[in-house]
Amino acid sequence: MTALTDRATAVREPALLGQTVVVIGGSSGIGLETARSARTEGAQVVLTGRDPERLARAAADVGAARQAAFDAHDPDRLAAFLGSLPAPVDHVMVSAGGPYYAPIADMDVADACRHVADHLRLILEVARYAAGSVRPGGTLLFVSGTGARRPHVGIAVTALLTAGYPALGANLALELAPVRVNVVAPGFVDTPLSASLLGADLDERREQLRATLPIRRVVGPADVAALAVHLMVNTALTGATFDVDGGQQVV
Ligand SMILES: NC(=O)c1ccc[n+]([C@@H]2O[C@H](COP(=O)([O-])OP(=O)(O)OC[C@H]3O[C@@H](n4cnc5c(N)ncnc54)[C@H](OP(=O)(O)O)[C@@H]3O)[C@@H](O)[C@H]2O)c1
């Protein structure tokens, strides 16, 4: 880098200066790191999560403007929260939730159906909100995943949902334009969710990924956050699904 470009970078205005970023599921992992990156780029952030203590710690950590503890799958609480946001909002990210793992033989079908309905309702309610309350050129960002792109025993329900995201994102982008809609699809990301799913196997999984991924390291939440912030800033991007998996799918 020359002295000139060094100076240009040093004086660059933060990319989200004065903007508001709402992260539904922002008290941990990918959502929290996106909030941190958005703050670094000058945004005000609003965080939600279920556990009030974890949320309060996260909000203090990143200097959130506001926090709201509720279950995003509770339609009344979600509607009340969205209705309380001062419009227009610039960006809304949905990273709340998690995968549904169960082999068909052991599956509680009613529970699986509830998971799908909760998941879809959250996306649709946020999309309906965005139609009137996200500014033109602002974004909706949904976090999906790549994990279910290859069949495995036990991931059918999550496979169904993740397979639907690219179509949903593209259709919403058309309907909600000029609001932009994009999907982020991570592979394995080293977050508290991954730790809780893998338990004692976490270190072995990290080692395996370091040895096999083309990037020779484990993807962290900051990697996904960098992509998320880019999608907020780059006004050319809408209707697309962006994988962030360190090359996991090409191995
Ligand atoms: N980590 C991975 O390897 C990976 C890979 C692919 C996709 N993903 C997806 O990426 C998203 C974020 O995952 P993560 O790894 O960052 O998980 P995480 O560390 O557990 O963070 C999830 C966040 O969402 C909140 N949350 C979860 N369920 C919620 C609900 N019903 N209502 C409101 N808030 C809720 C959590 O707080 P509370 O628990 O307090 O509510 C937390 O703030 C998830 O949808 C996950 O399926 C993750």
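Counting starts at 1 for both ligands and their atoms, following the listed order. Owing to the predicted nature of the structure, the values given are computational and were not obtained by experimental measurement.
Arg77 and Thr48 share no donor-acceptor pair across their side chains, judged by distance under 3.5 Å alone.
Closest heavy-atom approach to atom 5 (C) of ligand 1 among the candidates Gly187, Gly147, Gly145: Gly187. Among Ser28, Ser95, Gly31, the residue whose heavy atom sits closest to atom 18 (P) of ligand 1 is Ser28.
If you look at Thr191 next to ligand 1, the close heavy atoms, those under 4.0 Å, all belong to the side chain.
Between Ala72 and ligand 1, an N or O atom pair is found at a separation short of 3.5 Å. Residue Gly97 has at least one nitrogen or oxygen atom sitting less than 3.5 Å from a nitrogen or oxygen atom of ligand 1, judged on distance alone. Considering backbone and side-chain N/O of Val189, one or more are found under 3.5 Å from N/O of ligand 1. Taking distance alone, with nitrogen or oxygen atoms compared against 3.5 Å, Thr48 stays at or beyond that limit from ligand 1.
Residues Val94 and Leu122 form a side-chain contact, since some pair of their non-hydrogen atoms from C-beta on lies under 4.5 Å apart. Contact check for Leu213 versus Gln248: side-chain heavy atoms found under the 4.5 Å cut-off.
Atoms of ligand 1 lying under 4.0 Å from any heavy atom of Ser144, numbered from 1 in the order shown and given with element: 6 (C), 7 (C), 8 (N), 9 (C). Listed by atom number, the atoms of ligand 1 under 4.0 Å from Val143 heavy atoms are 9 (C), 10 (O), 11 (C). Taking every non-hydrogen atom of Asp71 and a distance limit under 4.0 Å, the qualifying atoms of ligand 1 come out as 30 (C), 31 (N), 32 (N). Atoms of ligand 1 found under 4.0 Å from any heavy atom of Phe70, numbered from 1 in the order shown, are 32 (N), 33 (C). Atoms of ligand 1 lying under 4.0 Å from any heavy atom of Arg54, numbered from 1 in the order shown and given with element: 36 (C), 37 (O), 38 (P), 39 (O), 40 (O), 42 (C). Of all the atoms in ligand 1, the ones that sit under 4.0 Å from a non-hydrogen atom of Ser194 are 1 (N), 2 (C), 3 (O).
The minimum heavy-atom distance linking Arg216 with Ala211 is given by the pair NH1-O, 3.8 Å.
Under the side chain to side chain donor-acceptor pair (under 3.5 Å) criterion, Asp51 pairs with no residue at all, not counting sequence neighbours.
Between Phe142 and Tyr165, the two ring planes are tilted [angle within 30° to 60°].
Ligand 1 lies nowhere less than 4.0 angstrom from a heavy atom belonging to Pro221.
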